[in-house]
**Student:** 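Submitted below is the structure of interest, expressed as structure tokens.
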There are 2 protein chains.
Amino acid sequence: MQTPRRLLPSIGLLSAFEASARTGSFTAAARELNLTQSAISRQIRALEEQLGVELFLRERQTVRLTPAGEAYARDIREALRRISAASLNLRANPFGGTLNLAILPTFGTRWLAPRLPDFLARHPGITINLATRLVEADAAPDVPQSARSRSNFNDRGGGSRRRTYEHD
Amino acid sequence: MQTPRRLLPSIGLLSAFEASARTGSFTAAARELNLTQSAISRQIRALEEQLGVELFLRERQTVRLTPAGEAYARDIREALRRISAASLNLRANPFGGTLNLAILPTFGTRWLAPRLPDFLARHPGITINLATRLVEADAAPDVPQSARSRSNFNDRGGGSRRRTYEHD
DNA sequence: GCGCGTTACGCCCGTCGTAAGCATT
DNA sequence: AATGCTTACGACGGGCGTAACGCGC
């Protein structure tokens with residue numbers, strides 16, 4: 001067994017904890033997540049029970065992180081940030097980091113070449129494999145289940161629409 | 001707005017995707033997660049719809065990652081690993097990674113010293129700040145974020161029971 | 001026929017909001 | 001009184017298993 005995934009805290013619990021840890025208040029976390037403080041309170045308690053560790057000190061009517069909670073908050077914040085970044089990046093670059101193009105030489109030199117640098121600048125994570133074909137082909141014939149589209153180089157890269165891709 | 005937490009994919013979706021990506025099979029992922037392949041299939045589809053990106057190519061009766069899926073899988077795997085590690089580590093070291101002790105010299109040399117190595121061996125992530133005091137003091141007044149506890153050195157470290165600690 | 005993925009149908013449990021309670025300021 | 005956390009209660013919905021289907025081996 002790799003990692004015991006089954007006992008991972010849910011995203012809801014982790015988000016609630018992270019927001020609470022950052023703001024130092026269940027109420028503030030509730031506002032941020034568009035939930036009630038009641039929900040936050042229950043989620044934090046649930047997380048603590050699941051982990052078997054107290055994450056917050058309840059004093060008076062404020063809460064404060066325990067040392068354990070602080071360390072956990074750092075890790076969780078980083079993990080959530082990574083998931084968020086990966087998900088957003090995926091929506092921005094549906095190609096998966098590599099884009100294979102088969103084009104006609106004339107098209108490449110006249111139309112594509114001048115636009116490439118700007119495109120690459122807007123999609124930093126992306127690598128492009130350019131292949132020039134001498135004959136016109138309907139996109140890439142040997143690509144399984146490709147969604148043909150005009151992979152818009154003028155697009156600002158915000159869309160969730162389909163794009164063409166190949167794989168090796 | 002820090003990170004748009006509200007639209008993060010759930011742990012279930014991510015776990016299902018990660019297991020499927022690693023095994024290359026929904027059925028295998030289902031076995032690993034103690035779910036039905038039906039559940040995995042639905043989760044993957046839900047994740048794809050939520051992200052607006054195809055993660056798997058359905059061919060014949062097997063599935064293959066798209067390039068986008070591969071990149072996403074790497075990030076998700078790392079994030080899940082981090083959450084898992086943080087959670088497990090927290091259960092093992094409820095003190096928050098650092099344990100500040102203020103003890104009497106005699107106690108330190110006679111009782112504590114012989115037990116320290118074994119304790120450190122059982123709690124690999126933990127760092128201990130030892131301060132010897134000549135007078136009996138209630139914990140360490142000047143140490144920020146110190147966790148006083150009886151920090152049971154004979155304890156096997158698996159419990160979910162409460163522990164007492166202070167904060168600054 | 002067997003194995004794998006997809007889809008439809010109920011059901012259950014997790015999680016929410018509301019609301020009441022308690023303590024502190 | 002006002003604020004902040006806790007807890008009880010009822011309702012809604014996401015996510016599950018079962019089962020039936022299609023499709024290659």
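Every chain is numbered from 1, with letters handed out A, B, ... down the list of sequences.
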**Student:** Between B/Ile11 (CD1) and D/dG14 (C1'), how many Å, whole number?
**Tutor:** 16 Å
**Student:** Let's see if you can work this out: which of C/dG17, D/dC5, D/dT7 has an atom nearest to the side-chain heavy atoms of A/Ala39?
**Tutor:** C/dG17
**Student:** So does B/Thr36 reach the base of D/dT18 with its side chain, donor to acceptor, closer than 3.5 Å?
**Tutor:** no
**Student:** Is any side-chain N or O of A/Arg42 under 3.5 Å from a base N or O of C/dG14, one able to act as donor and the other as acceptor?
**Tutor:** no
**Student:** Separation of A/Glu54 atom CD from D/dT6 atom P, in whole Å?
**Tutor:** 11 Å
**Student:** Between P on C/dT7 and CD on B/Gln43, what's the gap in Å once rounded to a whole number?
**Tutor:** 15 Å
**Student:** Please report the distance, rounded to the nearest Å, between CD in A/Glu59 and C1' in C/dA23.
**Tutor:** 14 Å
**Student:** Answer whether the closest heavy-atom distance between the side chains of B/Leu8 and A/Ser84 falls below 4.5 Å.
**Tutor:** yes
**Student:** I need the CZ-P distance between B/Arg58 and C/dG3, as an integer number of Å.
**Tutor:** 22 Å
**Student:** Do the non-hydrogen side-chain atoms of B/Val63 and B/Ser25 ever get within less than 4.5 Å of each other?
**Tutor:** no
**Student:** Whole angstrom is fine here: how far is it from CZ in A/Arg45 over to P in C/dG14?
**Tutor:** 17 Å
**Student:** Decide yes or no on salt bridge (charged side-chain N to carboxylate O under 4.0 Å, His left out) for A/Arg58 and A/Glu48, but give the supporting numbers first.
**Tutor:** CA-CA 13 Å; A/Arg58 277 82 166 176; A/Glu48 288 177 326; 2.9 Å; yes
**Student:** Do the charged groups of B/Glu49 and B/Arg45 touch, with an N to O distance under 4.0 Å?
**Tutor:** no
**Student:** Return the set of residues passing ring pair (Phe, Tyr, Trp, His ring centres under 6.0 Å) with A/Phe17 (not counting sequence neighbours), or none when no residue passes.
**Tutor:** A/Phe56, A/Tyr72
**Student:** Any ion pair linking B/Arg74 and B/Glu78 (charged N to carboxylate O, less than 4.0 Å)?
**Tutor:** no
**Student:** Pull out every residue in residues 24-31 of chain B that has a heavy atom closer than 4.0 Å to any atom of DNA chain C, ordered by number, or say none.
**Tutor:** B/Ser25, B/Phe26, B/Thr27
**Student:** What is the distance from CD1 of B/Ile44 to P of C/dG5, rounded to the nearest Å?
**Tutor:** 10 Å
**Student:** Could I get a table of every N or O pair under 3.5 Å where one atom is in the protein and the other is in nucleotides 22-25 of chain D?
**Tutor:**
unit_1: D/dG24; atom_1: O4'; unit_2: B/Gln61; atom_2: OE1; d: 2.9
unit_1: D/dG24; atom_1: N3; unit_2: B/Gln61; atom_2: NE2; d: 3.4

**Student:** Just to confirm, is there a sub-4.0 Å distance from OP1 or OP2 of D/dT3 to any side-chain nitrogen or oxygen of A/Gln37?
**Tutor:** no
**Student:** Let's test your reading of the model: under 3.5 Å, does the base of C/dT18 pair with the side chain of A/Ser38 as donor and acceptor?
**Tutor:** yes
**Student:** Just the rounded figure in Å: distance from P of C/dT6 to CG of B/Leu57.
**Tutor:** 12 Å
**Student:** Would the distance check show the side chain of B/Thr23 and the main-chain N or O of B/Ala28 forming a donor-acceptor pair, the cut-off being under 3.5 Å?
**Tutor:** no
**Student:** Less than 4.5 Å apart, any side-chain heavy atom of A/Ile40 and any of A/Ser20?
**Tutor:** yes
**Student:** Taking only side-chain nitrogens and oxygens of B/Ser41, does any of them come within less than 4.0 Å of OP1 or OP2 of C/dT6?
**Tutor:** yes
**Student:** For a 4.5 angstrom cut-off between non-hydrogen side-chain atoms, does A/Ser10 reach B/Ser10?
**Tutor:** no
**Student:** Would you call A/Arg22 and A/Glu18 a side-chain contact if the rule is heavy atoms closer than 4.5 Å?
**Tutor:** yes
**Student:** With sugar-phosphate meaning primed atoms plus P, OP1 and OP2, does B/Thr62 contact a base, only sugar-phosphate, or nothing at under 4.0 Å between heavy atoms?
**Tutor:** nothing
